[in-house]
Protein chains: 2
Amino acid sequence: MHKNNNVLDEKIEYLRTMCKLKGMRVTPQRVEIYKHVANSCEHPDAETIYESVKEKMPNVSVDTVYRTLASLEDMDMIFRVDNQLPKARFDADKTPHHHFLCVKCNEVYDIFLEPGEKVELPKNAERFGEIKDINVQIRGICNKCLQEQTNKQN
Amino acid sequence: MHKNNNVLDEKIEYLRTMCKLKGMRVTPQRVEIYKHVANSCEHPDAETIYESVKEKMPNVSVDTVYRTLASLEDMDMIFRVDNQLPKARFDADKTPHHHFLCVKCNEVYDIFLEPGEKVELPKNAERFGEIKDINVQIRGICNKCLQEQTNKQN
DNA sequence: TACTTAAATAGTAATTATTCTTATTAAGGA
DNA sequence: TCCTTAATAAGAATAATTACTATTTAAGTA
């Protein structure tokens, strides 16, 4: 599930560039936290990121994780995945894509568009203001959970 | 912004029917809480609903509001509006529609589809499991906030 | 390279939304 | 009207996130 190191290095270079652009310091905490989100396909929550970062940086504080995630979000480097759960989850993938949320296990799956496919805005959407982004969430029961249901019945 | 009383009465009748169907009691608290959500276009949060219900029922407890909202959600009578804010917001409108969320003032606007218009599922969506519902959130800056920005500049 | 300074951090306390606990009340069937 | 048990009020508890403050450190400058 991990992206190869070249891609990751590029992403960190991007973080450095963006930080400099915004007059923000490139701290090892920021690098480590961003690295974790950028390298994960699991749409991790703050706690998961904190636990993971703590392995390399035992003194990192929860506050730093939350603060950094907020900064990265401000810089448009990561995004919050809409979910109806108490824990916010994050995504560093800027390729336009949607999400399938399993209502049973809460797993989030990326839905990438086929080549040529594009998201259609409802015609009335523009009437309300200036659109920044569109977000499609599909809720349902994922294959893994459906399988488990079937297994229990037999 | 309030729906007329006939529509509201119908909705409450619907609540009675659904409660009976599910073997649940029709308590005045439930009626009042549902009435507030069904009668509002503002996608209120639990606290707002609590404050409003308290005017008629001063002894109602927060817990009852949360519990009732959860029951109504279980019955598919109300829905949670995806937002990236700490407070959950609710919607009793079952007509298929989307939402425009203002990132400045956090107002939620309903986007109804034009006749004949329909939501298009991404082709890959079905690959992940059984779809229950699709939810389109459009984030941006609403006209009111855009106007205020312009006013400040002059 | 060392010095300086403000931005960022660690550690911890505080806050906010929501949920749980328990004794009490009341809906609705008999 | 009575009985049963689901639902409630009140307040305590929890979970996620944010705020506070003393300390550290990134990075610009001499």
Side-chain angles (χ1 to χ4, degrees), chain A residues 12 15-34 36-37 43-75 77-78 80-90 106, chain B residues 12 15-34 36-37 43-75 77-78 80-90 106:
Chain A
I12 291 165
L15 172 65
R16 293 182 180 282
T17 310
M18 288 301 285
C19 282
K20 271 169 198 160
L21 203 67
K22 302 262 177 183
M24 292 169 64
R25 293 176 184 174
V26 182
T27 65
Q29 289 89 339
R30 273 179 188 157
V31 173
E32 213 49 55
I33 290 164
Y34 177 62
H36 183 92
V37 185
H43 312 85
D45 56 40
E47 197 192 336
T48 306
I49 296 163
Y50 170 64
E51 291 302 335
S52 156
V53 169
K54 216 164 53 170
E55 285 174 23
K56 286 199 176 176
M57 310 177 83
N59 291 332
V60 76
S61 73
V62 243
D63 179 59
T64 297
V65 173
Y66 279 99
R67 224 174 345 88
T68 303
L69 290 170
S71 311
L72 293 172
E73 203 187 359
D74 283 346
M75 292 193 228
M77 299 195 61
I78 64 171
R80 239 164 249 261
V81 178
D82 272 327
N83 67 2
Q84 300 184 340
L85 303 166
K87 292 184 182 185
R89 294 177 67 170
F90 299 89
N106 297 326
Chain B
I12 290 165
L15 172 65
R16 293 184 179 284
T17 311
M18 287 301 287
C19 281
K20 272 169 196 157
L21 202 69
K22 302 261 177 183
M24 290 168 65
R25 292 175 186 174
V26 182
T27 65
Q29 288 89 339
R30 272 179 190 156
V31 173
E32 213 47 55
I33 290 164
Y34 177 61
H36 182 92
V37 185
H43 313 85
D45 56 41
E47 198 191 336
T48 306
I49 297 163
Y50 169 65
E51 292 300 337
S52 156
V53 170
K54 215 163 56 170
E55 286 174 21
K56 286 200 177 176
M57 313 179 82
N59 289 332
V60 76
S61 72
V62 241
D63 180 59
T64 298
V65 172
Y66 279 100
R67 225 175 340 91
T68 303
L69 290 170
S71 312
L72 294 171
E73 202 187 359
D74 282 347
M75 293 193 223
M77 299 194 60
I78 64 170
R80 236 165 251 260
V81 178
D82 272 328
N83 67 5
Q84 301 184 340
L85 302 167
K87 293 185 181 184
R89 295 179 65 171
F90 298 89
N106 297 328

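Just so you know, these numbers use all the heavy atoms, side chains as well, and skip hydrogens, waters and symmetry mates.
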Rounded distance [0.5 Å steps], CG in A:Asn106 versus NE2 in A:His43
13.5 Å
State which of C:dA8, C:dA17, D:dA7 makes the closest approach to the side chain of A:Met24.
C:dA8
Output the single nucleotide from D:dA9, D:dA16, C:dG11 whose closest atom is nearest the side chain of B:Asn59.
D:dA9
Between B:Arg67 and B:Arg80, which is nearer to the 5' end of DNA chain C once each is assigned its nearest nucleotide?
B:Arg80
Using atom NZ of A:Lys87 as one end and atom P of D:dT17 as the other, report the distance to the nearest whole Å.
8 Å
Distance, nearest 0.5 Å, that separates CZ of A:Arg30 from CE of A:Met75
6.0 Å
Looking at A:Thr64, I'd like to know whether one of its side-chain N or O atoms comes within less than 4.0 Å of OP1 or OP2 on C:dA10.
yes
Which of B:Val37, B:Ile33, B:Thr68 passes side-chain contact (heavy atoms from CB on, under 4.5 Å) with B:Ile78? It is B:Val37
So NZ of A:Lys56 and CD of A:Glu32: to nearest 0.5 Å the spacing works out to 4.5 Å
B:Val62 and B:Tyr50: which non-hydrogen atoms are nearest, and at how many Å?
N-CE1, 3.5 Å
Taking atom P of D:dT17 as reference, at what distance in whole Å does atom CG of A:Asp63 sit?
13 Å
Rounded to the Å, how far apart are A:Asn83 CG and D:dA16 C1'?
12 Å
Does B:Tyr66 have a side-chain nitrogen or oxygen under 4.0 Å from the phosphate oxygens OP1 or OP2 of C:dT19?
no
Starting at atom CZ of B:Arg89, determine the distance to atom P of C:dT18, rounded to an integer number of angstrom.
12 Å
How many angstroms lie between CD1 in B:Ile49 and OG1 in B:Thr64, if you round to the nearest 0.5 Å?
13.0 Å
Rounded to the Å, how far apart are A:Glu73 CD and D:dT17 P?
11 Å
Spacing of B:Glu47 atom CD relative to C:dT18 atom C1', expressed in whole Å
12 Å
Figure out the CZ/P separation between B:Arg25 and D:dT8, and round it to whole Å.
10 Å
Check every strand shown and say whether A:Pro28 touches a base, only sugar-phosphate, or nothing at a heavy-atom separation below 4.0 Å.
sugar-phosphate
Going by distance alone, is a donor N or O of one side chain under 3.5 Å from an acceptor N or O of the other, for A:Ser71 and A:Asp74?
no
When the axes are fitted on five pairs at both termini, how much does the helix from C:dT1-D:dA30 to C:dA30-D:dT1 curve, in 10° steps?
40°
Under 4.0 Å: is that the gap between some side-chain N or O of A:Thr27 and OP1 or OP2 of C:dT9?
yes
Would you kindly give the CD-to-P distance between A:Gln29 and C:dG11, to the nearest whole Å?
11 Å
Remember a base hit wins even if backbone is also touched, and classify B:Val62 as base, sugar-phosphate or nothing at under 4.0 Å, heavy atoms.
nothing
